[in-house]
Structures are given as C-alpha cells and as structure tokens.
Amino acid sequence: MVKFEIHDLNIWFDSTHALKQVNMEIQSNEILSVIGPSNSGKTTFLRTLNRLNDLNTSFKMTGAVELEREDIKRIDVEVLRRKIGMVFALPLPLPLSIFENVAYGIRMHGENKKKVLEDKVEEALQQAYLWEEVKDRLDESAFKLSGGQQQRLCIARTLAVGPEVILFDEPCSGLDPISTAKVEDAMIKLKQKYTIVLVTNNVKQAARVGDRTAFFLSGELIELDKTDKIFTTPQDKRTDGYIRGKFG
Amino acid sequence: MRKFKEFIIEKLIVICGLASIFFVALIFLFLLKEGLAVFNTVGPFKFLFGKSWYPISEPAQLGILPLILGSLLVTLGAAVISIPIGVGCAVYIAEIAPAKTKEILKAGIELLAAIPSVVLGFIGMITLVPLVKSIFHLPTGLTALSGSIMLAFMAMPTIVSIAEDALYSIPKTYKEGALALGATHWQTIWRVMLPAASSGILAAVMLGIGRVIGETMAVMMITGNAAVMPNNILVPVRTLTATIAAEMGEAVVGSEHYFALFAIGIVLFIISFAINVTADLFLHKRQQ
Amino acid sequence: MRNPYRTQRVAFFFLLLATLLIVIPVGLIVVVIIQKGLPAINWQFLSDMPRQGMRAGGIFPAIVGTLYLVSGAILFALPIGLLAAIYLSEYAKDNLLTRIIKLAIVNLAGVPSVVYGLFGLALFVVFLKFGASILAGSLTLGIMILPVIITTSREALESVPQSFREVSLSLGASKWQTIRHIVLPNAIPGILTGTILGLGRAAGETAPILFTVAAFYLPRLPKSIFDQAMALPYHLYVISTQVPNVDEKIRYGTAFVLLTLVLFMNLVAIIIRYKFRKKKKW
C-alpha cells in the first residue's frame with residue numbers, strides 16, 4: 001500500500017532552491033533510507049513530510065505531498081504531526097522527567113488519567129527497548145540518561161503518541177557503535193507496525209536497515225530503488241560515485 | 001473548546017505585542033492634548049526662545065529658554081565628565097580586568113544603576129554641594145556644576161554597560177590579527193578595538209546623555225532651581241525636568257501654567273524620542 | 001622614538017583610574033548610608049506614623065504606600081509585558097511592524113520619568129477621573145516598567161533552545177501548548193529576574209508619582225486604591241528639601257530603608273540569574 005505520494009515537489013528557502021521537482025512514493029511498513037551528501041536536501045525533504053519546515057519564515061513550497069491520498073496541507077497540522085512522528089539528529093529530551101518526556105505528547109492531546117498515561121508510557125518504553133533500563137527511575141531527569149538511552153527515549157516519546165509513520169533524521173549521528181546498533185535493532189522491529197523514513201549520512205546504515213534507498217544530490221532525487229540494487233547495480237553514475245566514495 | 005481558548009490567547013498575545021506602540025502614542029497624544037493649548041496665548045517661537053519664565057506673575061511670562069539652557073549646561077557638563085570616564089571604565093572592564101574583577105566591577109556598575117535618583121540627590125546635597133561651595137568659595141553649592149557631577153554619575157552605568165557590550169561583540173579575529181602583527185595591547189585597543197566599536201560606543205554615549213536630560217529628582221535637589229539665564233557653570237540653574245516636577249504640584253489643572261508645563265513635557269518627549277531613535281540606528285548599524 | 005610599552009602603562013593607568021572614579025564613590029555612598037542610616041533603624045521607626053510634621057515618629061505609611069504602588073504596578077505590567085514578550089519571541093516575523101514595536105519599546109524605556117508623571121496626571125488623574133490615587137500611580141509606574149519586563153522576558157524566552165519547540169510541535173502539540181508547557185517553564189527564572197528588576201525600578205522612582213499619587217504628609221494608611229498615599233522616595237525628597245529642621249537621623253534612616261529595599265530586590269534578581277545559569281540543563 002502506498003503511504004506517501006509526492007508530486008512535483010519544489011522547495012525554496014528565500015532564493016535557495018532546496019528541493020527540485022521531486023516525485024516519489026513511500027510504501028506502508030517499509031524502511032526507506034534517504035542518503036546523500038550534506039546540503040543535498042534530504043533533511044529538508046524529511047521535514048516537509050510533517051510540515052516542520054513551516055516554522056521557517058523563508059520557506060516556500062510548490063507541488064503536493066499526499067498522505068494516504070490526502071494533501072497534507074489539508075490535514076490539521078497537529079493531527080498530521082501526531083500521525084507522523086519524528087526523531088531528531090541529536091538526542092533531544094525535553095527538560096522534564098523520563099516519565100513526563102514520554103507522556104508529554106499524550107498529555108498534550110488531552111489525556112490526563114494517570115492509569116492510561118502509565119500504561120502508554122510503559123508500552124512505548126518497551127517498544128523502544130528502554131523499559132528495563134529505566135523502569136525504576138522514571139522520575140529522574142531525562143538528562144541523566146546516556147546518549148543512546150536518550151535517543152531511545154526520544155523514540156519512545158514519538159511512539160507514545162501512536163503515529164503511523166516515523167521520520168528519523170540522522171538518529172545515530174551522535175552515538176557510539178553499540179548504541180547505534182541498539183537504535184537500528186529498534187528500527188527494524190518497528191517496521192512491523194510503522195512506516196519508517198530514515199535520513200542518514202552513514203551509507204552502511206542505509207544498507208543495513210533500508211528496504212529501499214533514495215539518493216539525493218543538490219536537491220534532486222537521483223535514484224530510488226531496492227536497497228541491494230542501489231548498492232550493487234546503481235543506474236546512475238553519481239549514485240555509484242557517492243556510495244563508492246563512502247566505502248573508500 | 002481547546003482550539004477556541006487558544007484562539008483567544010493568541011489574539012491577546014498579539015494585542016499585548018502592540019501595547020508598546022499604543023502606549024508611546026498614548027503618551028504623546030495626551031502630552032499634545034494638554035500642552036498645545038499653551039500656544040493659544042504664547043507663540044511657539046516665543047515659548048521656546050523667550051528669556052523669562054515667570055509663570056505665576058500677571059501676565060505670565062512663559063519663555064523656556066533659561067530652562068533649555070539650564071538643561072543644556074548641566075547635560076554638557078555631565079557629558080564632559082561621564083564620557084571619558086565611562087568609556088575608559090568600559091575599556092578597562094572589557095579588555096584589561098581579570099575575569100573575577102570583571103564580575104565584581106560589573107556588579108558595582110549594576111548597583112549604581114539601581115540606586116534611586118532621589119537617594120543620589122540626597123547624598124549629593126549632603127556631600128557634594130558643601131564641597132563645591134567651599135572649593136569655589138561660592139554663596140551656595142547648589143549649582144549647575146554640582147548637578148553635572150551628580151548626573152555624570154547617573155549616566156555612567158548606561159555608558160559603561162552599552163560600550164562594554166559593543167567592545168565585547170567585536171569579533172576576536174580583529175584583536176588577534178592586530179596582536180599577531182606585533183602591536184601592543186594598548187595599540188590594539190586604540191587603533192583597532194575602539195574604531196571597530198565606535199558606533200556602539202556612540203550609541204552608549206547618546207543613551208547616557210538621554211538619561212541625563214530626562215533625569216529629574218537628583219537635579220531638582222542639587223542645582224538650586226533658579227530659572228534665570230545661566231552665564232557660567234557655578235551658578236544655580238533650573239532644568240526642564242525640574243521645572244515640571246517642582247511646579248506641577250501648584251499649577252491649577254487647566255490653567256496657562258499647567259498647559260505650559262505640559263508643553264515642556266512635549267519638548268522633553270521629542271528630545272528623548274530623537275535620541276533613542278538615533279541611538280537605535282547606531283546599534284543596528286553595528287549588528288549588520 | 002616613543003616606547004610603546006610605556007605608553008601602554010600610562011594608558012592602562014588612566015583606564016584603571018576611570019574605573020576607580022566610578023566604583024569608589026558607589027562604595028562610599030552605600031557605606032555612608034549604611035553607617036549613618038542603620039542606627040536610625042528600629043522597630044518603632046519602621047512601624048510608626050510620622051509625627052510633628054515628619055520631624056519625629058516613623059515611616060510606616062510611606063513603606064506601606066510604596067508596597068501598594070509596586071504591587072499595583074507589577075499587577076498591571078507583568079501580564080501585558082509577558083504577553084508582549086511572547087509575541088516578540090514566538091510570533092513576530094522579521095518585518096517592519098516588529099521593527100516599529102522594538103523601537104516603541106526603546107522609546108518607552110527612554111521617556112523621562114517626569115514625563116510619565118505628566119502623562120499619568122493627564123490620563124489617569126484628570127481624564128479618567130481617578131484623582132491622585134494609588135490606582136493612578138500604580139498604572140503610571142506600570143507603564144514605565146513595561147519595557148524592562150518586556151526586554152528581560154523576551155531574552156529569557158529566546159534563550160530557550162529552538163529544538164525544544166520543534167520537538168514539542170513534532171509530537172503534535174499546538175503552538176500555544178508548546179509555549180505554555182515547554183517555553184515558559186524554562187524561561188521562568190529570566191522572567192522572574194526581569195520582574196524583580198522592574199519592581200526595584202518602580203520602588204525607587206519619584207517623578208512619576210509626584211502628581212499621580214504622592215501625599216506630602218498623610219499619617220494614616222490608605223483605605224482603598226482611590227486614596228492618596230505616601231511613598232518612600234517621595235518622603236525622602238520631602239524631608240530632605242521641603243521640611244526644615246528634620247533630624248538627620250530620620251533622613252538617613254529613610255534613605256537607608258529605600259536603598260535597602262531596592263538593592264535587596266536587585267540582589268535577589270542577580271542571585272536568581274546566577275543560579276539559573278549554573279543549573280542550565282542544555
């Protein structure tokens with residue numbers, strides 16, 4: 001099933017043309033890896049999907065992004081962002097306790113019953129493989145967790161809202177290899193229930209977890225295909241060059 | 001329901017955002033409303049440049065030139081004292097003082113800024129006024145000079161903190177570049193830092209002077225309040241602000257005297273407006 | 001040839017001198033007021049009505065008056081100032097209107113205090129017919145401290161990292177929820193600092209209350225917000241210039257109380273700011 005359809009997407013920040021004529025589809029329950037050098041527009045692409053770019057006053061967009069055939073501009077932005085969760089590049093816990101970090105989104109949507117909150121927080125932390133490590137210290141500040149734990153907390157926080165899609169924006173860029181492996185594990189298991197779009201600078205990571213991979217360069221979508229095809233027989237010379245360059 | 005509540009709150013936020021504009025306009029409007037009436041009896045030219053201020057004689061003479069000159073004289077004196085000392089202190093704090101001393105000095109300057117002007121006026125009356133009297137062998141120490149010294153003191157926190165900010169915000173590379181070329185620290189400050197920070201320092205000086213012109217209580221307490229044309233700095237003078245403060249209590253609402261005092265308010269408002277807008281332009285120039 | 005290092009030594013000496021010329025008098029002022037004012041302070045001085053034309057007795061009504069005025073001013077200025085700061089930090093776009101608002105704030109901060117007094121007289125006392133009253137004085141002081149509150153609150157709000165806002169929004173929270181639950185709680189120390197600085201400013205100002213509220217000699221407490229009241233700074237002005245033969249002790253005592261009140265508020269503000277900086281979690 002098709003989750004996102006993107007038609008003729010163009011994006012500008014002031015006079016900078018950040019995305020050029022992008023057309024693509026994203027399937028349900030797949031992990032789509034998005035790779036490309038810095039400033040290739042991949043993060044801009046990601047932030048278009050949950051309309052986080054709207055915060056930038058110089059942002060301008062033409063074309064359409066459809067979530068299950070509905071233009072995302074037509075969907076109430078708060079509802080849209082509840083459906084499309086996001087995990088940021090750096091672990092960004094809110095300055096609240098571990099429990100309140102996870103409960104934040106649910107609370108904001110009007111849920112205040114203690115029992116419901118507790119259940120949902122536990123469930124989300126379980127799904128993010130963090131529950132065992134934090135269950136006895138839920139009231140501590142989230143800043144006391146390690147970097148990897150913080151990032152899994154951010155995943156739990158996103159899951160707690162009950163999204164359909166999760167956007168990962170270079171989620172492991174600040175993490176060591178062991179923490180990275182844990183986050184990747186979590187991602188692969190989450191695929192059962194969620195559609196995942198993963199922007200990464202780490203080509204190996206894209207190869208490890210992605211079902212399909214998209215390669216962006218200077219704001220253009222150069223190639224989108226099954227991950228093993230991209231990595232073994234890319235159609236475009238530039239894709240090949242980028243991947244090889246990264247492999248050394 | 002939540003959406004409706006948020007809608008109301010966001011509207012309130014916008015309204016309050018505009019409140020500053022509203023209040024500035026309101027102040028100006030009410031000054032005009034009460035002040036312009038004076039020009040029914042005195043021409044604007046005669047009001048600004050008339051040499052006698054006898055508001056309660058019959059007929060009243062409403063020329064504010066002595067008051068303008070009083071303000072100018074006191075301000076000029078204060079500027080002469082406070083600019084070199086203030087900028088010097090800013091340079092010392094920004095460039096020379098060790099980190100710990102710097103914090104203490106800044107706290108001291110903040111302390112000075114916090115002392116109410118009436119307290120400074122009181123201290124000035126008790127210490128400075130007798131001192132000026134005995135040094136210059138004057139019949140009274142309540143003079144423009146005493147006022148200038150006191151006001152210089154009140155302008156300094158403004159000058160020091162804004163000038164220090166300006167020096168602090170110069171890119172480090174300027175300084176390192178000059179030092180790398182073998183200039184001494186002082187040469188770097190004099191030839192590189194001060195010119196680079198000049199528009200910020202100018203703004204600091206202007207805002208300091210703005211503070212001086214608008215200052216009321218301390219001036220009223222120590223300048224002697226004689227509304228005559230001053231001929232030197234060792235005589236009592238009366239400033240625009242002190243005139244309003246001292247006489248409004250006795251002026252009958254709706255009288256010519258009352259209107260005249262509001263007209264002085266208009267003059268003060270316009271002066272402070274001009275100073276603040278210009279200073280703001282200088283500060284913005286620095287940011288670009 | 002001149003020796004550049006000698007020039008430097010001379011220059012630095014003068015810079016130090018300039019600094020001392022500011023700092024030493026400040027220290028002296030504080031020391032003198034403490035030294036001469038402290039002995040005048042006793043419970044009676046603080047809790048008694050003034051007597052014999054202010055030449056004896058205490059300053060209780062002036063203290064109460066100032067507390068009333070300051071509370072009134074903050075009650076008016078804090079909500080407006082805080083919302084205005086939220087507007088500037090969270091809603092305003094980088095356009096001409098915002099530029100004008102900022103200029104208006106700068107101007108509001110620069111208007112001479114005695115002009116505020118005139119304005120308060122014209123608007124609140126005469127036009128709105130509040131008469132010389134605590135209400136009129138509080139509102140006048142409130143407008144005067146508005147720029148202090150807006151500027152410091154805005155800085156506090158803007159120092160909350162943008163990423164917190166993005167996280168909150170990305171979880172489907174609305175803009176106001178984000179401000180209310182994430183931005184404001186983390187800006188509270190800064191807002192508090194600004195509020196207290198505003199309080200200190202309001203407590204020390206004389207000119208704005210001269211014609212809007214201040215009573216020359218009123219040895220009883222105000223009964224409502226439409227009453228006149230005595231106030232510490234005005235009282236100090238009165239007993240040092242308008243009333244002959246006041247015991248110096250009473251003058252210094254009053255100056256001491258006023259200075260202590262104002263400096264105490266500033267000290268609290270500085271401590272909050274310092275603690276906040278140290279505790280900052282991001």
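Since the model is a prediction, treat every value here as computed from it, not as a measurement. The sequence lines fix the lettering, A, B, ..., with proteins before strands; numbering per chain opens at 1.
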C:Pro147, part contacting chain B, at a heavy-atom distance under 4.5 Å
neither

Which bit of B:Val87 comes within less than 4.5 Å of chain C, counting heavy atoms only: side chain, backbone, both or neither?
neither

Below 4.5 Å from any heavy atom of chain B, which atoms of C:Phe211 appear? Answer side chain, backbone, both or neither.
side chain

Report the distance from atom CG of B:Leu31 to atom CG of C:Leu123, rounding to the nearest 0.5 Å.
11.0 Å

Counting heavy-atom pairs under 4.5 Å with chain B, the top scorer among C:Leu88, C:Val32, C:Ile80 is C:Ile80

Minimum heavy-atom distance between B:Glu6 and C:Ser174, given as atom pair plus value:
OE2-OG, 2.9 Å

Contact class of B:Leu120 relative to chain C, heavy atoms under 4.5 angstrom:
side chain

With a 4.5 angstrom heavy-atom cut-off, is it the side chain or the backbone of C:Val23 that approaches chain B, or both, or neither?
side chain

So which part of B:Phe273 gets closer than 4.5 Å to some heavy atom of chain C, the side chain, the backbone, both or neither?
both

CD1 of B:Ile27 to OH of C:Tyr116, rounded to nearest 0.5 Å, is 4.5 Å

Identify which part of C:Arg154 has an atom lying under 4.5 Å from any heavy atom of chain B, answering side chain, backbone, both or neither.
neither

Examine whether an atom of B:Lys33 lies under 4.5 Å from a heavy atom of chain C, and if so say whether it belongs to the side chain, the backbone or both; otherwise answer neither.
side chain

Given B:Ser82, B:Gly214, B:Cys89, B:Ala113, the one with more heavy-atom pairs under 4.5 angstrom with chain C than any other is B:Cys89

Which bit of B:Tyr258 is near chain C, if near means a heavy-atom gap under 4.5 Å: side chain, backbone, both or neither?
side chain

With a 4.5 angstrom heavy-atom cut-off, is it the side chain or the backbone of B:Ile13 that approaches chain C, or both, or neither?
both

To the nearest 0.5 Å, tell me how far B:Asp280 CG sits from C:Leu103 CG.
5.0 Å

Check whether C:Ile143 gets within reach of chain B through its side chain, its backbone, both or neither, counting any heavy atom under 4.5 Å.
side chain

Given that the side chain runs from C-beta out, which part of B:Phe262 has a heavy atom under 4.5 Å from chain C: side chain, backbone, both or neither?
both

When rounded to the nearest 0.5 Å, the distance separating CE of B:Met220 from CG of C:Leu210 is 5.5 Å

For chain B, which residues from residues 252-266 of chain C have at least one heavy atom closer than 4.5 Å to it?
C:Tyr252, C:Ala255, C:Leu258, C:Leu259, C:Val262, C:Leu263, C:Asn266

Between OG of C:Ser113 and CE of B:Met217, what distance do you get to the nearest 0.5 Å?
8.5 Å

Portion of C:Leu82 that has a non-hydrogen atom of chain B nearer than 4.5 angstrom:
neither

Please classify the contact of C:Phe14 with chain B as side chain, backbone, both or neither, using a heavy-atom distance under 4.5 Å.
neither

Relative to chain B, which of C:Val30, C:Leu236, C:Thr241 shows the most heavy atom pairs under 4.5 Å?
C:Leu236

Turns out that what part of C:Glu90 lies under 4.5 Å from chain B's heavy atoms comes down to neither

Side chain / backbone / both / neither for B:Ile244 at chain C, heavy atoms under 4.5 Å:
both

In this structure, are over 12 heavy atoms from other groups packed under 6.0 Å from C:Tyr217 atom OH?
yes

Return the option, out of B:Gly265, B:Gly35, B:Ala245, B:Ala25, with the maximum number of heavy-atom pairs under 4.5 Å with chain C.
B:Ala245

Contact part of B:Val253 toward chain C, heavy-atom cut-off under 4.5 Å: side chain, backbone, both or neither?
side chain

Against chain C, label B:Ile96 side chain, backbone, both or neither, depending on which of its atoms sit under 4.5 Å from a heavy atom there.
side chain

If I measure from the heavy atoms of chain C, does B:Ala19 come under 4.5 Å with its side chain, its backbone, both, or neither?
side chain

Is chain C contacted by the side chain of B:Arg211, its backbone, both, or neither, given a heavy-atom distance below 4.5 Å?
neither

Let me confirm one number: the CD1-CD1 distance from C:Ile29 to B:Ile115, rounded to the nearest 0.5 Å.
5.0 Å

Proximity breakdown for C:Arg251 and chain B, heavy-atom pairs closer than 4.5 Å:
both

Do B:Ile109 and C:Val26 come close enough that some side-chain heavy atom pair is under 4.5 Å?
no

Option that, when pairs with chain B are counted at under 4.5 Å, heavy atom only, ranks first among C:Ala92, C:Ala203, C:Ala132, C:Gly110:
C:Gly110

Indicate the atoms forming the closest heavy-atom contact of C:Val111 with B:Ser272, along with that distance.
CA-OG, 3.9 Å

If one checks every heavy atom of B:Leu111 against chain C at 4.5 Å, the contacting part turns out to be both

Name the region of C:Val126, side chain, backbone, both or neither, that has any atom closer than 4.5 Å to a heavy atom of chain B.
side chain

Contact part of B:Ile126 toward chain C, heavy-atom cut-off under 4.5 Å: side chain, backbone, both or neither?
side chain

Are more than 12 heavy atoms, taken from residues, nucleotides or ligands other than C:Tyr91, located less than 6.0 Å from that residue's OH atom?
yes

Heavy-atom distance under 4.5 Å to chain B: side chain of C:Ile270, backbone, both or neither?
side chain

